[in-house]
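Input: a single structure, listed below in structure tokens.
Note on naming: letters A, B, ... go to the chains in the order of the sequence lines (proteins, then strands), and numbering restarts at 1 for each one. Here the structure is a predicted model, which is why all the values come from computation and not from measurement.
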There are 2 protein chains.
Amino acid sequence: MTISDIAKAAGVSPAVVSRVVNRDKTLRIGKETRARVQKAIDELDYAPNAAARSLRSASSGLIAMVVHDVTNPVYGEILRGAQQTAGALGKAIIVSDGSHLDDRASRLLELIGGNGVDGLILQAGGVNSDLVLARAGRKSVPTVLLQAALDTNAHLVCLPDSRATQIATDYLLSLGHTRIGCLATGRELTFTRNRERGWRQAMELAGQSVDAGSIVYGHPSIEDGRASATQLIEANPSMTALLCFNVVAAIGALQAVQDRGLRVPDDLSIVAIHDIDLADHLSVPLTTVAMPLFEMGARAVELVSDKSTGFEGTTTIDTRDPELVVRKSAAAPSR
Amino acid sequence: MTISDIAKAAGVSPAVVSRVVNRDKTLRIGKETRARVQKAIDELDYAPNAAARSLRSASSGLIAMVVHDVTNPVYGEILRGAQQTAGALGKAIIVSDGSHLDDRASRLLELIGGNGVDGLILQAGGVNSDLVLARAGRKSVPTVLLQAALDTNAHLVCLPDSRATQIATDYLLSLGHTRIGCLATGRELTFTRNRERGWRQAMELAGQSVDAGSIVYGHPSIEDGRASATQLIEANPSMTALLCFNVVAAIGALQAVQDRGLRVPDDLSIVAIHDIDLADHLSVPLTTVAMPLFEMGARAVELVSDKSTGFEGTTTIDTRDPELVVRKSAAAPSR
DNA sequence: TCCAATTGGTATAACGATTTACCAACAGGT
DNA sequence: ACCTGTTGGTAAATCGTTATACCAATTGGA
């Protein structure tokens, strides 16, 4: 079923069919001719060929989204937001885990190089994100980075990261904690630095000092969270509270505390960044700071699709301020 | 950078460039000519246009995957498997949540209709899955259904569902339980029926009767699991164990029990289908039955990409048998 | 009656890559 | 000198859609 088949069936030229399908406002056409065309389209179940259309119009209606780890629930929220907006804009999303980009043959790289996607949303810092980014840059594919400023002409969309850790730290301080450790994410990531800054500022404002050994950087996974938390606890026996930059790592931290026969929050309080609904059902319900992840996904798609804005600049998602969700993992210190 | 630019730069015809890029074995070419072409490709950073290539070759290298809910961790595993295999086959995956297909304008529907995807992997039973399926069928897009037999010519890939619930039920029976309820998933889903069968068979084999009121059907979400479990508990006061068809619903069930001031496993034992790493960190670590989700995702991609097999038939993933993962949510009954 | 305008379309050239068939030049054998 | 192979490529026709420019009738007004 090509456009010419429809044209033949309706007794018009292919151009008319195309213009009917695309709702061309400049097309002048008789009532009944239009009806004939529409009928042919319906009866023959015509749908325009995607490749031909992309070729001609130089736009595919596809957006690539590369994230670190598709199994992290935090990413699920971002994707949901992205999907919703993409749906509204008539675009589809190609998802890729950073880890699958190592093959030279990666289809995603081919697509980025060959105009196969209209835009790229990249959570930088992943395995081969530089490779992707370099390719996108050379081919000038509109790119939006999630929470990671890099030296490239891409738009950056950020969460109120330093506010979030500030709020978390202030809460712990208000409970009476003074020795507050940090279980951070990758040191090279921009948002890690922002969150670290929030924590430091809050501590400083409260007149508390922090020493170098009270922050440790790790991956946002349960296992790594557990290992890093263990290390932190051993290095800082006097620490009474722990601020985790990722909720998944916090789950590992919870485990680490329990491994040592200690209790949360009695022996150690924990507050984590990012609220997920599972947080309420853990061995100790986690007190968290909720960030607008859904909105970030949505906004990223919006920005990457918007031809009017240039691709440099920073957008901070602040539709709502980070919000403290108090559960049971933080309490007043017992020592 | 089109193929002609490269051809011009290398002083050859576009045909040669194309055949070099695609490693055409039948191409006879001089050593140094090939070098010249390769140099032009590298220096000008040429990448073939995806749309043109798809148009000519009638294949996009894209696979659509539609799932119920991208935030369910169970889906994450399936996607991981799918990604890995897709990467190896040089394909990319377009992911869509069932819920975003309602807009008429959905890009995914357009792609399916217009040869924009090489195949479709569909978790049926979702919001508008029939719509997608009908479209794919009419356009004869290779389709693989996940765990849901439907009246269409699509390949079906299944998990050993009835074995899983059998194993779970046998375990509960071996602990001494006789009144075992079922928190099932959507009644219309094939895998629900298979799991239900496994449960019934195990009960029957053990000489236990089950009455109609001891099974309830719900959505795989925490909230629904909580509501459904409450209903089930109230209707069956003598029930001592609960088999949940989805681990996320089981989290809700856990909550439901605790809401009533009861304890797991003392007052009620819970076993859930699907093992996720979070299961170990819940308020009560869940005993689960692990199924090869990753393999299912991988196999689905393989099947949908394989032109040699017809698209009818059923594949059951049994690379490993369902495996009981004993944690702390099931114990001998106290009454 | 004649000159605009308007109506209702159509013809054609791209878009960029692939593939089939073809061909020129030369070497080697007899 | 003549035929046969081989080497090293090339020409041109698609794939299906869309945008630009154009055009033949008809209508309306003076």
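Among the atoms of the strands shown, none is found under 4.0 Å from any heavy atom of Asp24(A). Contact annotation for Arg53(A): backbone-only contact, meaning every heavy-atom pair under 4.0 Å involves sugar-phosphate atoms and none involves a base. Looking at heavy-atom distances under 4.0 Å, Val12(A) makes contact with sugar-phosphate atoms alone, never a base.
Comparing dT17(D), dC15(C), dT10(D) against the side chain of Pro48(A) picks out dT17(D) as the nearest. Minimum atom distance to the side chain of Ala52(A) is reached by dT17(D), of the listed dG16(C), dT17(D), dT7(C). Comparing dT10(D), dG16(C), dT10(C) by their nearest atom to the side chain of Thr2(B) picks out dG16(C). Of all nucleotides listed (dG16(D), dA17(C), dA12(D)), dA12(D) comes nearest to the side chain of Ala15(B). Comparing dG16(C), dT17(D), dT18(C) by their nearest atom to the side chain of Ile3(A) picks out dT17(D). The side chain of Arg56(A) lies closest to dT18(D) when the candidates are dT18(D), dG9(D), dT10(C).
Atom CG of Leu27(B) and atom C1' of dG8(D) are 8 Å apart (whole Å). Distance Lys8(A) NZ to dG16(D) C1': 13 Å, rounded to the nearest Å. What separates CG of Asp5(B) from C1' of dA17(C) is a distance of 13 Å, to the nearest Å. With rounding to whole Å, Lys31(A) atom NZ is found 13 Å from dG9(C) atom P. Rounded to an integer number of Å, the gap from CZ of Arg36(A) to C1' of dG8(C) is 11 Å. Spacing between atom CG of Leu55(A) and atom C1' of dT17(D) amounts to 8 Å, rounded to whole angstrom units. One interatomic measurement links the two molecules: CZ of Arg34(A) to P of dG9(C), which rounds to 10 Å at whole-angstrom precision. Rounded to whole Å, the distance from CD on Glu110(B) to C1' on dT17(D) is 14 Å.
Taking for each of Ser57(B) and Ile29(A) the nucleotide of DNA chain C with the nearest heavy atom, the 5'-most of the two is the partner of Ile29(A). Residue order along DNA chain D, read from the 5' end via each residue's closest nucleotide, puts Ser13(B) first among Met1(A) and Ser13(B).
A side-chain N or O of Thr26(A) and one of Arg19(A) form a donor-acceptor pair less than 3.5 Å apart. Residues His155(A) and Thr314(A) have side chains that never bring a donor and an acceptor to within less than 3.5 angstrom of each other. Side-chain atoms of Asn49(A) and Arg56(A) include no donor-acceptor pair closer than 3.5 Å.
Here Thr33(A) reaches the OP1 or OP2 of dG9(C): one of its side-chain N or O atoms lies under 4.0 Å away. One finds a side-chain N or O of Asn22(A) lying less than 4.0 angstrom from the OP1 or OP2 phosphate oxygen of dT18(D).
Salt bridge absent: Asp97(B) and Arg80(A) never bring a charged side-chain N and a carboxylate O closer than 4.0 Å.
Between the side chain of Lys8(A) and the main chain of Ile3(A), no donor-acceptor pair closer than 3.5 Å is present. A donor-acceptor distance shorter than 3.5 angstrom exists from the side chain of Thr192(B) to the backbone of Gly186(B), with no hydrogens or angles considered.
For Arg19(B) and dT19(C), a side-chain-to-base donor-acceptor distance below 3.5 Å is absent, hydrogens and geometry of angles not being considered.
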